[in-house]
Amino acid sequence: MFAYCADPKSLEGLQWLSCYLTTGTHFSFYGSFLIVLVLLFVTAPVALAFGFGGAMAARSPAAPLRWLGKGYMAMVRGVPDIVFFLFFIIALDQGFEWLTHQVRCPDWIDPIRQGLEFRVCPQAKIPPNTAPQMVHQIYNFGLAVVTFAIVFGAFAANVLAGAMSAVPRAQLETGEAYGMTQRQVFRRIMVPQMWIYALPGLSNLWLILIKATPLLFILGIQDAVYWARELGGFKSQTYSYPHPDWRLWYFLGLLIFYLLMTRISEIVLDRITRRLSHGQATAAGEAQRKGAVA
Amino acid sequence: MKKLILSAAFAALAAGGALAQDTIRIATEGAYPPFNFVNDAGKPDGFEVELFNQLCEAAELTCEWVTTDWDSIIPNLQSGNYDAIAAGMSITEERKAVIDFTQAYYPATFSAYAAPSADADLSGVVAAQVNTIQAAHVAETDATLLEFATPDEAVAAVRNGEADAVFADNDFLKPVVDESNGEFVWAGEQIQLGEGIGLGIRKSDSELKAKFDAAIQTVKDDGTLNELLKKWFGQDSVTF
């Protein structure tokens, strides 16, 4: 990065450190924090959407839809995360490739499955083999988002279904008394009121999601924990910047990052709770009302 | 008729498989210096990377490096996420049951124990990387095997006192011992394991295997492989 970094082994002290901290691998390390943040902010809304869909399906009066919703929740919640991340992602990837294979290579004669191997025609590869590494990484990232969303969506579905049931029946009945249809009652009364009941569960999920991001490495994405382990490990003279085992320092850095994330989340969640409690028939809402009167 | 020709041509093209696709994605662990590692510029580097960059150029293939987790390196090859594995992977009977190997580009490796003292208890707790030939060997001895995801963690386990010794490739441990200022010394005898290190390839990819087999034979014959071995593993490195 700096001109004086050309011969790192002759450097000392601060100069060495400034060169060390600006190597290509360190920039990948800094970038990986961004990847973690992007994953969080993309996955959370998608997972919430999955959860909302799942909760609606599980509470649906139509039996097949209800089975689907309940089945989704039971299945994902019952299967260990690691199994999901190891096998589901490979299955999803192979599923996509199998489909494109059927479309693009109808004349392919070799079997796709040969023992443990999975072999589609080169044209059906997603992304194609010739694509730059960047495209492969973005595709993997996409798969990661989908997997995270499905897993966390199932938990969110359970939380939201519970929250929907927690809205006082009297509230809904009032809506019905005004002549609203079931749909209107759902949209105008139940959904705006359920969030306060869902929030404790959802905030738990959010914090678990933050901590689950190191699972990204299983999916072939180099996240912050991977880089911390990689950079902190003992480096012999083969490297330009040899150093002993510094993992402790790198992991301390990670600790600060994750603590900061948790703290910010708590502050934001507190604010949302206060806002959502406003005018609610809950203890917190009641306390707010009394405070306002006094 | 036209359709027939077209589909025949298409089938021929498709049957070309690995030959038709000119980009070969090679997976490596990137954490096993000097075989393969990620250098300070963030690029894959090391003996294997230099060797295969040369071989690919000679064979007119575009090769792309993928760094991946060691533990899932074989399943991902099988599911087609990349086409080859060059990650210091020794050729063993167990691995040959699931994937194919080219001929060895590194002779049967010597593995060694490194420990805080030369008289360390080698039948005590021994650390090794998971799914390696060394882990398999330790499991067969009287020692208690302690497995780690990366070789670096296996070394750290000895440093922390979690294990009595670490068992790994001699070439990997050498800089660890040499630069440890006496913290690590060799313990016990060196042991030769496996049938050398080869490039792992899917069983169905016989054209690609033939191609690399030929390319490796060329560099063996003209001596460039030996030069590379000396460059990365020192003048007294094993050679062909």
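Naming: A, B, ... by sequence-line order, numbering from 1 per chain. The analysis underlying the following values was restricted to heavy atoms, covering all of them including side chains, and did not include hydrogens, waters or symmetry mates.
- Applying the ring pair (Phe, Tyr, Trp, His ring centres under 6.0 Å) criterion to A/F251, with sequence neighbours excluded, gives no partner residue.
- In summary, the side chains of B/W232 and B/E48 do not present any donor paired with an acceptor at a separation below 3.5 Å, with no hydrogens or angles considered.
- Using a 4.5 Å cut-off between heavy atoms, B/T62 does not touch chain A at all.
- With a 4.5 Å cut-off on non-hydrogen atoms, A/N140 does not touch chain B at all.
- With no hydrogens or angles considered, a side-chain donor-acceptor pair links A/Y139 and A/D93 at under 3.5 Å.
- Taking chain A as the reference chain and counting heavy-atom pairs below 4.5 Å, the highest number among B/D178, B/V98, B/V176 is found for B/V176.
- Contact annotation for A/Q137: neither backbone nor side-chain heavy atoms come within less than 4.5 Å of a heavy atom of chain B.
- The CD1 atom of A/I126 sits 8.0 Å away from the CG atom of A/L99 when rounded to the nearest 0.5 Å.
- Heavy-atom distances place the side chain of A/E230, and not its backbone, under 4.5 Å from chain B.
- Only the side chain of A/Q94 comes within contact range of chain B, with at least one heavy atom under 4.5 Å from a heavy atom of that chain.
- For A/R247, the part lying under 4.5 angstrom from a heavy atom of chain B is the side chain only.
- Residue contact with chain B, scored on non-hydrogen atoms closer than 4.5 Å, involves the side chain of A/H136 exclusively.
- Under 4.0 Å is where a charged nitrogen must lie from a carboxylate oxygen, and between B/E93 and B/K96 at least one such pair does.
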